[in-house]
Participant: 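My questions all concern the structure below.
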Amino acid sequence: MQYDQLTPSQRKAVFHHEGPLLVIAGPGSGKTRVITYRIASLIDSGIAPYNICAITFTNKAAEEMRQRAYALGTSPGAHISTFHSLCARTLRTYARQADISDSFSVYDAADQARCIKQAVKLCELDTTNFPPARMLDAISTLKNKLIDAETFKHDADDFFSKTLAEIYGRYQNILNENNALDFDDLLMKTSSLLENCPDVCEKLSNRFKFLLIDEYQDTNHAQYRVAKALVSHHGNICVTGDPDQSIYRWRGADIRNILDFENDWPDAVVVKLEENFRSTPNILSIADQLIACNQSRKQKKLVPTIPPGKDVSIEPFEDERHEADAIAQQISQLADRKVALSSIAVFYRVNAMSRTLEEAFIRHKIPYQIVRGVEFYSRKEIRDLLAYLKILVNPDDEIALMRIINTPARGIGKTTLNKVRNHAASRNITFYKALKDAANIKSLSNAPKAKIAVFVSLIEQFQKELSGGVGPLAERVFCDCGLEKSLKTAEDSTAIENVNELINAAHEYDKQTENPLLVDYLQQISLFSDVDAYDTAKGTVALMTLHAAKGLEFENVFIVGLEEGLLPHERSNVDEDNEQLEEERRIFFVGITRAKTNLQISYAQYRTIRGQLLRTIPSRFLFELGAQFSEPAEESRHYDYGTSQVASGFKIGQLVQHNSFGLGRVKNFVDVGENSIVVVKFNTGQTKSLMVKYANLSIV
DNA sequence: CATAGCCGCCTTTTT
DNA sequence: GGCGGCTATG
């Protein structure tokens, strides 16, 4: 085994074989390489690959780590996957002990949305006062903290908590009835399985004698507990992460997991990797300057190892179209100079911003790919076919069943379904069982009975063919359920292509899996998404959110939309909550540190948001990047505002008056001379960041 | 029962 | 601007 590529501190991390190990690693320090080499060196020293478990943040990262480990000459067999995949597998293996059925469906956001709506409806609550999305969020937070519905109900004392508890209970009932688990359940149920069944815990702990976790700063409490249980019999846990790159707090990520690692494992060895092998000093210096503005952080250096390069540029543009066009043009020029398109990426804060960029890339004939998984798996035709397949292994999955019972149209309408549902409720049987029993539903006439019988026999026929591989089955179902015919009639060739892509993927799964099972395929596929589909081999420019950029690196990076409200995002409530502001700053930090050589940061002076052209304010983060960037000359013709008073300074708490927003109180004042920003909470309830020189605020 | 068209609702980030 | 759900119509 060759370790030439490692620095002394990396080598120390790799060779420390026993006991807890914490690798605090800055961006570009090769922390993923540390994990990969550690896997290889463990195998090299005689540990069976079978006894190693590595956890990555995305499936894509897992795939890459597998490849790299093989490239180092290790034999396959190490378990490398995400927490969610590992938990899904564990729950299926030990379904009996976990008190669930092994044929469970995994519900994604869209399925969850349907369930929570049903739950709120069942509680006879108004969706305006109890927005389903909010309720789901609250439930997810509870699940991440491993608080189940009963416990929460028991402790609920105020009206809101009690109502939420009721919704939570109903929601969970619906999932149970459908034999379904949501993403959070995968973690929560695994955690309680390991903690309540010592024999299962011991088995797994002995199977995985070495646990390695990448991106540990973004683990949540449930994942922490799973990890802790997994190593309970040996303590061989190695984690790597960077607190400055923690960007999933909103999803329950708990930065304390990494900060408290040394308390949890007092004999832990800590290795710090501060050298950066990725970016030029020019890029690192602005990254450093930005992240230094975060108050709640441990000091950490970014030590450059490569020679200076080009300065980072900060470009103003008139509007988002000009911004996109200019970037497309620059990329064209790079392409003319034979720069590989796969070395270029554009990052933005929200998915909606990809459209303008896409249009510009099409105009300039630049091949691109949008790195976002919702795309593929949320397409109607894909969801439809997957719903058919889900029904075959889990007929209780009513969400899937309702999706396809009349898709394509087979004359089973709302009235019929209501009658079946009543029958199911009165007999206390599942919807699918009621369908099978349709002949005995008195309120149904013969025509709908016959139609239901055809549907049921179709499903039962498919169910007989479960053992012949996922690919052939998917093909057969697509052809015989009528979907193919209806797509052909509609001449929807893209939809057909998409389905073919899914079928190809299923064949690929059959090929790569020792014992291909539909249930396994479905449980894994639900956990695939966004970054997983990104393919560098395609030779295209990559467009993605800053979140999706985590863990990646590119020679040339463009970050767009550095504007107040966008980055930091308005929904993150930054003026009320400093923690959230710091997370937004880390998101930007992650983006900056993806760049190896060239980085351009831009903002638009006008941006169309929800169809409205709005004047923007440059992001406060740009000002934090400091004096080395002079504020670009702004063309006064853009402003139909009259010139107003220049900053004389505002005090926090001061009462001010605005022409259209009315009275408000100053929450914050960022004094940067001419471009000073004042943050005002208006009596209307909204909080706005305003540029003093345009806001025309008067002191009351 | 199917379809088209309209209205109202939401719109950060994602395993 | 986009989608889901509802309604009116065939």
Side-chain angles (χ1 to χ4, degrees), chain A residues 55-62 81-88 106-110 112-114 117 121 127-128 131-134 136-137 140 143-144 181-188 215 218-220 222-223 226 246-253 347-356 371-375 377-378 380 406-418 445 447-448 451 486 490 523-533 544-551 561 565-574 580 583-584 586-588 590-591 608-612:
Chain A
I55 306 279
T56 55
F57 195 71
T58 63
N59 287 297
K60 175 78 179 176
S81 77
T82 63
F83 259 115
H84 285 86
S85 290
L86 174 69
C87 290
V106 177
Y107 275 6
D108 67 7
Q112 280 180 289
R114 293 192 155 272
K117 271 184 193 158
K121 221 176 175 181
T127 49
T128 1
R134 281 277 174 80
L136 207 50
D137 225 46
S140 174
K143 286 187 176 182
N144 286 159
L181 304 181
D182 65 20
F183 284 1
D184 301 314
D185 284 336
L186 293 175
L187 302 172
M188 186 158 139
E215 307 281 12
D218 278 322
T219 50
N220 63 30
Q223 291 166 330
V226 170
S246 156
I247 55 175
Y248 284 92
R249 205 180 79 114
W250 53 275
R251 207 176 75 185
F347 304 150
Y348 37 83
R349 178 65 176 82
V350 298
N351 284 309
M353 293 167 76
S354 67
R355 266 193 36 146
T356 321
V371 181
R372 185 181 49 190
V374 209
E375 279 292 279
Y377 288 105
S378 67
K380 188 183 175 303
N406 203 29
T407 306
R410 47 173 70 86
I412 304 176
K414 217 166 112 184
T415 336
T416 309
L417 293 177
N418 275 335
S445 52
K451 287 168 182 165
S486 80
Q523 286 171 2
Q524 293 302 319
I525 209 171
S526 321
L527 305 172
F528 266 74
S529 72
D530 74 312
V531 203
D532 301 333
M544 67 188 87
T545 64
L546 286 157
H547 281 87
K550 181 166 124 156
L566 222 40
L567 185 59
H569 197 278
E570 57 182 350
R571 299 274 299 205
S572 65
N573 198 19
V574 287
Q580 292 201 48
E583 175 141 323
E584 293 289 309
R586 290 193 292 268
I587 292 168
F588 187 26
V590 166
T608 311
I609 291 170
R610 271 164 266 159
Q612 274 215 309

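Protein chains get the first letters and strands the later ones, always in sequence-line order, with residue 1 at the start of each.
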Participant: From CZ of R134(A) over to P of dC9(B), roughly how many Å is that when rounded to an integer?
Facilitator: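 Interatomic distance, CZ of R134(A) to P of dC9(B): 16 Å.
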Participant: Run the side chain to side chain contact (heavy atoms under 4.5 Å, CB included) test against I55(A) and tell me which residues pass, sequence neighbours left out.
Facilitator: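 Testing I55(A) for side chain to side chain contact (heavy atoms under 4.5 Å, CB included), a comparison that skips the adjacent residues, returns C53(A), F83(A), L86(A), L211(A), I213(A).
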Participant: Which pair of heavy atoms, one from P568(A) and one from E584(A), lies closest together, and at what distance?
Facilitator: CA-OE1, 3.4 Å
Participant: Tell me whether H547(A) is stacked on the nucleobase of dT13(B), counting only the six-membered base ring and applying the 5.5 Å and 30° thresholds.
Facilitator: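 Whether judged by distance or by angle, H547(A) falls short somewhere, so it does not stack on the base of dT13(B).
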Participant: Counting side-chain heavy atoms from C-beta on, which of dT13(B), dT11(B), dA2(B) comes nearest to N406(A)?
Facilitator: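 For the N406(A) side chain, the nearest candidate turns out to be dA2(B).
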Participant: Pick the closest DNA chain B nucleotide for R251(A) and for A133(A) by heavy atoms, then say which residue is nearer the 5' end.
Facilitator: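 Final value for this comparison: A133(A).
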Participant: Go through the steps to decide whether M353(A) and L566(A) satisfy the test side-chain contact (heavy atoms from CB on, under 4.5 Å), and finish with yes or no.
Facilitator: CA-CA 10 Å; M353(A) 293 167 76; L566(A) 222 40; 3.7 Å; yes
Participant: Sequence neighbours excluded, which residues qualify as side chain to side chain contact (heavy atoms under 4.5 Å, CB included) partners of N406(A)?
Facilitator: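 With sequence neighbours excluded, N406(A) shows a side chain to side chain contact (heavy atoms under 4.5 Å, CB included) to A409(A), R410(A), I412(A), given in chain and number order.
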Participant: Under 4.0 angstrom, heavy atoms only, what part of the nucleic acid is T416(A) near: base, sugar-phosphate, or nothing?
Facilitator: sugar-phosphate
Participant: With sequence neighbours excluded, what pairs up with S140(A) under the side chain to side chain contact (heavy atoms under 4.5 Å, CB included) test?
Facilitator: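 Scan of S140(A) (side chain to side chain contact (heavy atoms under 4.5 Å, CB included), adjacent residues dropped) gives N144(A), D184(A).
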Participant: Identify, with sequence neighbours excluded, every residue that meets side chain to side chain contact (heavy atoms under 4.5 Å, CB included) alongside R114(A).
Facilitator: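 For R114(A), the residues satisfying side chain to side chain contact (heavy atoms under 4.5 Å, CB included) (neighbours in sequence not counted) are I399(A).
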Participant: When the distance from OH of Y348(A) to P of dT13(B) is rounded to whole Å, what number comes out?
Facilitator: 10 Å
Participant: Measure from CZ on F347(A) to C1' on dT13(B) and round the result to the nearest Å.
Facilitator: 15 Å
Participant: Report yes or no: does D185(A) contribute a side-chain atom to a donor-acceptor pair with the main-chain N or O of D182(A) at less than 3.5 Å?
Facilitator: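 It does hold such a pair.
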Participant: Which whole-number value in Å describes the distance from H569(A) NE2 to dT14(B) P?
Facilitator: 12 Å
Participant: Restricting to ring pair (Phe, Tyr, Trp, His ring centres under 6.0 Å), what partner residues turn up for H569(A), sequence neighbours left out?
Facilitator: none
Participant: Using atom CG of L417(A) as one end and atom C1' of dA2(B) as the other, report the distance to the nearest whole Å.
Facilitator: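 L417(A) atom CG is separated from dA2(B) atom C1' by 14 Å.
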Participant: Check nucleotides 2-6 of chain C against the protein and report each pair of N or O atoms closer than 3.5 Å, with its distance, or say if there are none.
Facilitator:
unit_1	atom_1	unit_2	atom_2	d
dG2(C)	OP1	R355(A)	NH1	3.1

Participant: Counting the atoms with a prime plus P, OP1 and OP2 as sugar-phosphate, which does F57(A) contact under 4.0 Å by heavy atoms, base, sugar-phosphate, or nothing?
Facilitator: sugar-phosphate
Participant: May I have the distance from Q112(A) (atom CD) to dT14(B) (atom C1'), rounded to whole angstrom?
Facilitator: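 In whole Å, dT14(B) C1' and Q112(A) CD are 11 Å from each other.
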Participant: So, is N351(A) close to the dT14(B) phosphate, meaning a side-chain N or O under 4.0 Å from OP1 or OP2?
Facilitator: yes
Participant: Report the distance from atom CE of M544(A) to atom P of dT14(B), rounded to the nearest whole Å.
Facilitator: 11 Å
Participant: Where the side chain of R571(A) is defined as all heavy atoms beyond and including C-beta, which of dT11(B), dT13(B), dT14(B) is the nearest nucleotide?
Facilitator: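 Within the option list, the nearest is dT11(B).
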Participant: Nearest-Å distance, CG (L187(A)) to C1' (dT14(B))?
Facilitator: 13 Å
Participant: Quick one: on DNA chain B, does T56(A) or P448(A) contact a more 5' nucleotide (nearest heavy atom)?
Facilitator: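 Nearer the 5' end of the strand: P448(A).
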Participant: Under 4.0 Å, counting only non-hydrogen atoms across every strand here, what does D184(A) touch: a base, just sugar-phosphate, or nothing?
Facilitator: nothing
Participant: For dT14(B), does OP1 or OP2 lie under 4.0 Å from any side-chain N or O of T545(A)?
Facilitator: yes
Participant: Check the geometry between Y248(A) and dT14(B) and answer yes if their rings are stacked (centres below 5.5 Å, planes below 30°), otherwise no.
Facilitator: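 Ring-base stacking flag not set for Y248(A) and dT14(B).
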